[in-house]
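Some notes on the structure that comes next.
Counting starts at 1 for both ligands and their atoms, in listed order. Just so it is clear, the structure is predicted and the values come from calculations on it, not from any experiment. Values below: every heavy atom of this structure, side chains too, minus hydrogens, waters and symmetry copies.
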Amino acid sequence: MPPLSRLTRMLVAIAAASFLAIVLAYLRTPADRAGRTLAAAALIGVAVAIIGVWFTHSLRANRRYAALLENEVASQTRSLMDSLAATAAAERNLRLVMDAVPDAIVVVDRAATILEANEPARGMGAIPGTTQRPSLFDVVNPDAIGVVQEKLGAAFEGDVQHLEVPLIRADSSHGIAALLYAPVRDGSKITRVLILARDVTDQRRSESQYQQAEKLAALGQLVSGVAHEINNPAAIISGFAQTLLLDELKPEHRDMLQMMYDEATRIGRITSSLLAFARAGGKQRGLVDLNDIARRTFALRSYYLSTLNITVALDLDPSEPKIWADASELQQMLLNLLINAEQALLTVERARTITVRTRADESDTRLEIADSGPGIPAELRTRIFDPFFTAKPEGVGTGLGLSICYGIARDHGGRIWVESEAAGGARFCVLLPRDQREEARAPAVTTQPSPAATGRLAVLVVDDEVALREALLRFLQRRDIHVEGVADGWEAIRLLEQRAFDVIISDVRMPGMSGREFLERLRRDRPDLVTRLVFSTGDAFTPETATLLKESGVPTVAKPFDFAVLERVVREVAGRATASA
Ligand code: ADP
């Protein structure tokens, strides 16, 4: 039988008690009265029993119900706790994952308020400490707010957006950030936008350095070809001018010729600067004390600097770093950088300072020249190392200083770049590899002075450039030297079989037989003449020529010739060859 409900049971008990009460009410006789008393007692007993039973029963039921309720509450609480713990774990997990992403992740609403940001975003300055509800615009460079706003609007329309903007980091330093905006959809609505930001400053810098290196390498090739072409005409003009200057001349003619010679020499200096920019190896290197170079170069300019009210601070590495380098080239580089800093400082009224700093670690040596001048505008920075780029007034700048520095740094396996000083000036940094293995190398061998030949010498000139040959012939004849000229190596070999010459001056780059092939022929067929050979060249820095000169050890005269030097070399080579014969 199904158990009666509590209400039913109570109604049954009340009905029974009411029935007994009604029966009692109908009892009228004395016997009835005695019966009534008995019945009343029975009624009360029944009522008490009913109430007791009901009470006990309901007490038990209540307990059961309370236990049930307790169980229910406990189980609900457990499941609530479990789901809370699961939510917290999921949230923590998400945060750990977000923080593990090296890129900055930021979630913003339509008003550009930052709702979420991971740890790298804080590093990039996405959460300024003071603002409670930071806005994306608080961390974007003011110049970029327009584009950021526009792209954010497009992202809320549902399009993924890519952009690059200037960045201000948490430490106030500046850089470039690449941003990706991805709309976050909730059903059909876009409620937020997720922004992924990457600091691409270093990447962009090395890309631009790579592009610059590529551009300058191409320019170097072009420039070296041009310099070579210009050298010959300059050598011819210089040669004839020098020959004519040997004559008795009217003062006016002498002045004009001297000017022609000086200008041809100037062309020679320019081409040699261009070739220095385009050069690749081949110079004498030694163990060089970088601090010493810095001190000596500064000493060269110190008086001039003091007259301009420029204070120079030498902040030199106490370890006195040494590198395997060409000392004169390093000095030239430092001098160019110092002169540029001086000229930049002349344009400012504020305190004029130059700091020359050297630093070294196990692998690299760093040289820095920082000034408090006007600095270099960002749009010029990619051009300043180009040959002939100058922003200085005409007559002041040639645009060659930095391109030569670039060539020297690259030639030493290093690099040069410019940074901005916090106070607005420029800081040129040169990084040169230490190459400690080289420190054990022996110092460069110095050559013994040779006996110079006197009297009438016979010289053979091998050069395909007719006018240059002519200039040489005329000058040497005027200096009482018997001289003959031929256009190439084959003719020279033929002539050498017929006649004896004290010295052979041969061009390196010639059509037909090159200088290298001519040397090889002499080594094979006429080894007795190898010591009588002198190379003439206008591009001693190009890799092939530099290697040839270095390997062969053949004395060299540079075009355009200084004829006095040329004659000295000719007499020395003749004297040495005769002495060793
Ligand atoms: P030049 O000095 O003959 O102009 P450079 O190649 O040495 O040629 O320099 C190229 C340009 O770089 C200069 O014209 C100048 O505008 C800029 N520059 C170089 N050094 C500095 C510096 N320290 N401060 C500001 N501008 C500089």
Side-chain angles (χ1 to χ4, degrees), residues 208-209 211-213 215-220 222-224 226-227 266-267 269-279 294 297-298 300-302 304-305 308-315 328-358 366-411 414-431:
S208 92
Q209 275 173 0
Q211 280 168 2
Q212 180 132 330
K215 180 184 78 179
L216 292 181
L219 264 176
L222 185 79
V223 149
S224 130
V226 171
R266 189 151 79 100
I267 296 174
R269 272 202 304 274
I270 294 174
T271 53
S272 111
S273 291
L274 287 174
L275 290 166
F277 157 68
R279 96 190 69 206
T297 315
F298 164 63
L300 279 179
R301 305 294 298 172
S302 68
Y304 185 64
L305 287 162
L308 300 173
N309 276 336
I310 297 175
T311 320
V312 177
L314 293 180
D315 174 10
S328 65
E329 287 185 350
L330 287 194
Q331 178 152 17
Q332 185 186 2
M333 175 159 67
L334 192 50
L335 200 59
N336 287 358
L337 296 175
L338 261 181
I339 292 172
N340 274 348
E342 279 168 29
Q343 291 178 340
L345 285 169
L346 290 183
T347 64
V348 293
E349 287 306 319
R350 58 172 176 263
R352 297 170 172 176
T353 58
I354 298 178
T355 307
V356 179
R357 186 174 294 120
T358 59
R366 193 178 165 117
L367 172 70
E368 286 182 12
I369 289 92
D371 63 64
S372 62
I376 300 169
E379 65 276 14
L380 294 191
R381 281 202 209 133
T382 52
R383 300 174 58 201
I384 53 172
F385 294 102
D386 295 357
F388 298 117
F389 174 80
T390 180
K392 292 175 189 167
E394 212 171 311
V396 178
T398 60
L400 284 173
L402 287 179
S403 56
I404 290 173
C405 295
Y406 181 90
I408 294 173
R410 191 201 46 204
D411 197 26
R415 61 196 180 90
I416 180 169
W417 70 99
V418 67
E419 292 176 359
S420 287
E421 278 287 271
R427 181 169 59 230
F428 282 87
C429 308
V430 183
L431 196 73

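Residue contacts with ligand 1, taken as heavy atom pairs separated by less than 4.0 Å, involve Phe428 solely via side-chain atoms from C-beta onward.
Using a non-hydrogen distance threshold of 4.0 Å, Gly375 registers as a contact of ligand 1. Under a 4.0 angstrom heavy-atom cut-off, Gly399 registers as being in contact with ligand 1.
In terms of the side-chain contact (heavy atoms from CB on, under 4.5 Å) criterion, residue partners of Pro377 (sequence neighbours excluded) are, by chain and number, Glu379, Leu380.
Taking the side chain as every heavy atom from C-beta outward, Tyr304 and Leu308 approach each other to under 4.5 Å. Side-chain contact check for Leu337 versus Ile416: some heavy-atom pair is nearer than 4.5 Å. Using a 4.5 Å cut-off on side-chain heavy atoms (C-beta onward), Leu305 and Phe298 make contact.
Residue Ile376 places no N or O, backbone or side chain, under 3.5 Å from any N or O of ligand 1. For a threshold of 3.5 Å applied to N or O pairs, the pair formed by Pro374 and ligand 1 contains no separation below that value. Where the criterion is an N or O separation shorter than 3.5 Å, residue side chain and backbone included, Asp371 meets it with respect to ligand 1.
Closest to atom 24 (N) of ligand 1 among all protein heavy atoms lies Ala344 CB, 3.3 Å. Atom 5 (P) of ligand 1 has as its closest protein heavy atom Leu402 N, 3.5 Å. With respect to atom 10 (C) of ligand 1, the closest heavy atom belonging to the protein is Phe389 O, 3.4 Å. For atom 12 (O) of ligand 1, the closest heavy atom belonging to the protein is Ile384 CG2, 3.3 Å. Protein heavy atom nearest atom 14 (O) of ligand 1, with residue, atom name and distance: Ala391 N, 2.8 Å. The single protein non-hydrogen atom nearest to atom 13 (C) of ligand 1 is Lys392 CE, 3.8 Å, given as residue, atom name and distance. Protein heavy atom at the shortest distance from atom 20 (N) of ligand 1 is Asn340 CB, 3.4 Å. With hydrogens left out, the protein atom closest to atom 4 (O) of ligand 1 is Thr390 OG1, 2.5 Å, a heavy atom.
In this structure, Phe389 CZ and Thr382 OG1 are separated by 8.5 Å, a value rounded to the nearest 0.5 Å. Taking CG from Leu338 and CD from Glu342, the interatomic distance works out to 6.5 Å, rounded to the nearest 0.5 Å.
Enclosure of atom CZ in Arg350 by more than 12 non-hydrogen atoms of other residues, nucleotides or ligands within 6.0 angstrom is indicated.
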Could you give the side-chain donor-acceptor pairs of residues 369-376 under 3.5 Å, partners two or more places apart or in another chain?
{"residue": "Asp371", "atom": "OD1", "partner": "Gly373", "partner atom": "N", "Å": "2.8"}
{"residue": "Asp371", "atom": "OD1", "partner": "Ala426", "partner atom": "N", "Å": "3.4"}
{"residue": "Ser372", "atom": "OG", "partner": "Ala351", "partner atom": "O", "Å": "2.8"}
{"residue": "Ser372", "atom": "OG", "partner": "Thr353", "partner atom": "N", "Å": "3.0"}
{"residue": "Ser372", "atom": "OG", "partner": "Thr353", "partner atom": "OG1", "Å": "3.4"}

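Relative orientation of the Tyr406 and Phe385 rings is tilted, given thresholds of 30° and 60° on the angle between their planes.
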